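Following: one structure in structure tokens, then a few remarks.
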Amino acid sequence: ITKERTMSKKAKLIVDGEEYEFPIVEGSEQEKGIDISSLRAESKLITLDNGFANTSTCQSGITFLNGEEGILRYRGIPIEELAANSNFLEVSYLLIYGNLPTPEEYHSFEKQITEHTLLREDLIKFYDGFPRDAHPMAVLGSIVSAISTFYQDGLDPKNKDQVDLSIIRLMAKLPTIAAYSYKTSIGQPKIYPTNDLDYCSNFLKMMFAVPSEEYEVVPEFVEALNLLLILHADHEQNCSTSTVRLIGSSQANLYASISGGINALWGPLHGGANQAVIEMLHEIHDNGGDVDKFIEMSKDKSNPFRLMGFGHRVYKNFDPRAKILKDACDKVLEKIGVSDPLLDIAKSLEEKALNDPYFQEKKLYPNVDFYSGIIYSALKIPTDMFTVMFAIGRLPGWIAHWKEMNENKGTKIGRPRQIYSGENLNHYVPMNQRDKKKAA
Ligand code: CMC
């Protein structure tokens, strides 16, 4: 944030012969934006930007993304370096607190998280109230919202100690909440967290252990899970992160803001795409592997079908996360001795789409969700838990943005404007005269 500067050049806007000047702000990676904060006050004009495709809502120092060159960096560190060398908790610390932790900082962070993984017994009873076939994203969002009722000592967004404690609680409890939603859905007993296991091993144990048998953590599963969570950990102002920021801008507490982010992530155009991709690959497989048919369908404007896992609002060259995951797929599947026909279908789909003028012209490339589902399947994570996995990965990013926004003294409540396109002045018609009015 501190590295942004206002340039001497100005942007000029001329409307009806009147001229207005606006400062140009340059970010630390030379990205330029026109600061229109004074636009309405000076000109009575506002801007219209469908889907915020050209609008920065904040200045942020967390994640840098260059969609043309396929660059993604957390706090300046390339995603490729983090994927190769780090683990999910270390990356979480980096995103939330701004620097790679020293050994002391890391161990303290890990210890605190480990000590907060249990859920209150009263909270666990909530799971009995959900239908067995509830989507785990609905359960996740609801329980995260519900935990705020148990931690009323941690709801003040302006109290540093309370915020720090809520961060630890959320990081610690989200995997437990997620695993319990799965256990409830299959009618198995819930497995309490194990404090001598690392973050990912503990999660896998809570998901897959049963009380009647010893559970052995498979190191290859842990490695793959760390990689997936790191790649999902932040992606600057995406739909769910913007939701978290918008909710938080009203000074709502961290639990309420994150619960909103989880619900935003659920949609198939966002985090729900990983589930949609695997369902699409299954459908292609069950239809005899006819990849061309599905590519044609996705190009047909009269058909709402889209090639799931393809395209991105920001990446117009390649998604570096998809590149890492494509390479990881072969390695992970080989290491854990799984062969998945869906991987061959995915590769053939990618190759054909990348050579198709429709996808080339529209700059549509595989995104992070194209290959993630294949690895999650290999780890035996059920399909409807994929988006929950994305949420566990994205949690530190959401927290980092919420914290950055709250710590920025200049933050204002988010409140976009609109161009009104409804009726002009109209009048109330008593109920007994309304049909007459229509007839007239
Ligand atoms: N298959 C076929 N056509 C597509 C696709 C696709 N997957 N994605 C975009 N297009 C077309 C779209 O029809 C439009 O064509 P036209 O200009 O002729 O109207 C053009 O490409 C631009 O698409 P858009 O919807 O205006 O682009 P957007 O930036 O608003 O949407 C997107 C980005 C990711 C929502 C979209 O590409 C999409 O729906 N992809 C499939 C869902 C998906 O994989 N989502 C995961 C995103 S990555 C994980 C995350 O961060 O959440």
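Computed from a predicted structure; not experimentally measured. Counting starts at 1 for both ligands and their atoms, following the listed order. Residue indices begin at 1 and follow the sequence shown.
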Are any of the N/O atoms on L307, whether in the backbone or the side chain, positioned under 3.5 angstrom from an N/O atom of ligand 1? yes
Return yes if some donor-acceptor pair links the side-chain N/O of Q162 with the main-chain N/O of L155 below 3.5 Å, else return no. yes
Tell me, which protein residue and heavy-atom name are nearest atom 33 (C) of ligand 1, and how many Å apart are they? R313 N, 3.8 Å
Single hit among F370, Y358, Y371, F294 for ring pair (Phe, Tyr, Trp, His ring centres under 6.0 Å) with F310: F370
Between G267, A273, A53, flag the one that comes closest to atom 43 (C) of ligand 1 by a heavy atom. A273
Would D369 count as a polar contact of ligand 1, with the cut-off being nitrogen or oxygen pairs under 3.5 Å? no
What closest approach, in Å, do L89 and M171 show between heavy atoms, and which atom pair accounts for it? CD2-CE, 4.1 Å
Please confirm whether Y358 approaches ligand 1 to less than 4.0 Å, judged on its heavy atoms. yes
Protein heavy atom at shortest distance from atom 2 (C) of ligand 1: S298 O, 3.5 Å
So, the side chain of Y74 versus the backbone of D234: is there a donor-acceptor pair under 3.5 Å, distance only? yes
Check whether any N or O atom of L269, backbone or side chain, sits under 3.5 Å from an N or O atom of ligand 1, and answer yes or no. yes
Look only at the side chain of S185 and the backbone of D133, and say whether a donor-acceptor pair between them is shorter than 3.5 Å. no
Tell me, please: is G271 in heavy-atom contact with ligand 1, that is, under 4.0 Å? yes
With a 4.0 Å heavy-atom cut-off (strictly under), which part of K299 contacts ligand 1: side chain, backbone, both or neither? neither
Taken to the nearest 0.5 Å, the spacing of S92 OG from Y97 OH works out to 10.0 Å
Identify the closest protein heavy atom to atom 34 (C) of ligand 1: which residue and atom is it, and at what distance? G311 O, 3.6 Å
Regarding ligand 1, does H235 bring an N or O atom to under 3.5 Å of one of the ligand's N or O atoms? no
K316, any N or O under 3.5 Å of ligand 1 N or O: no
Taking the six-membered ring of F318, is the NZ or CZ of K323 close enough (under 6.0 Å from the centre) and on axis enough (within 45°)? yes
Could you tell me whether some N/O pair between F390 and ligand 1 is separated by less than 3.5 angstrom? no
Is at least one protein non-hydrogen atom found at under 4.0 angstrom from atom 27 (O) of ligand 1? no
For residues 269-283, run the donor-acceptor check on the side chains, cut-off 3.5 Å, and write out each pair with its distance to 0.1 Å, sequence neighbours left out.
| from | atom 1 | to | atom 2 | distance (Å) |
| --- | --- | --- | --- | --- |
| H270 | NE2 | N238 | OD1 | 3.4 |
| H270 | NE2 | S240 | N | 3.1 |
| H270 | NE2 | S240 | OG | 2.9 |
| N274 | OD1 | T387 | OG1 | 3.1 |
| N274 | ND2 | F386 | O | 3.1 |
| Q275 | OE1 | H135 | NE2 | 3.1 |
| Q275 | NE2 | E279 | OE2 | 2.9 |

Taking the six-membered ring of F359 as reference, does the NZ or CZ atom of K362 fall below 6.0 Å from its centre and within a 45° cone about the axis? no
Protein contact of atom 50 (C) of ligand 1 - nearest heavy atom, named by residue and atom, plus distance: H270 ND1, 3.5 Å
Return the residue, atom name and 0.1 Å-rounded distance of the protein heavy atom closest to atom 20 (C) of ligand 1. K362 CD, 3.8 Å
So which protein heavy atom does atom 13 (O) of ligand 1 come closest to, and at what separation? K301 NZ, 2.9 Å
So do the side chains of E105 and E90 get within less than 4.5 Å of each other, counting heavy atoms only? no
Would you check whether V368 has a nitrogen or oxygen atom less than 3.5 angstrom from a nitrogen or oxygen atom of ligand 1? no
Side-chain donor/acceptor pairs under 3.5 Å, residues 372-381, sequence neighbours excluded:
| from | atom 1 | to | atom 2 | distance (Å) |
| --- | --- | --- | --- | --- |
| S377 | OG | G373 | O | 2.9 |

closest protein heavy atom to atom 5 (C) of ligand 1 is L364 CD1, 3.8 Å
Would you kindly specify which portion of R306 sits under 4.0 Å from ligand 1, judged on non-hydrogen atoms: side chain, backbone, both or neither? both
Is any side-chain heavy atom of C200 closer than 4.5 Å to one of L229? yes
Find all atoms of ligand 1 within a distance of less than 4.0 Å from any non-hydrogen atom belonging to G309, and give their numbers and elements. 43 (C), 44 (O)
Counting heavy atoms under 4.0 Å, the part of F370 that contacts ligand 1 is neither
Please assess H401 against R245 for the test side chain to side chain donor-acceptor pair (under 3.5 Å), listing each intermediate value before the final yes or no. CA-CA 7 Å; H401 283 272; R245 286 187 93 120; 2.7 Å; yes
Quick check on atom 22 (C) of ligand 1 - does any protein heavy atom sit closer than 4.0 Å to it? no
Taking atom 47 (C) of ligand 1 as the reference point, the nearest protein heavy atom with its distance: N367 ND2, 3.6 Å
Heavy-atom distance under 4.5 Å between the side chains of P157 and W402, does that happen here? yes
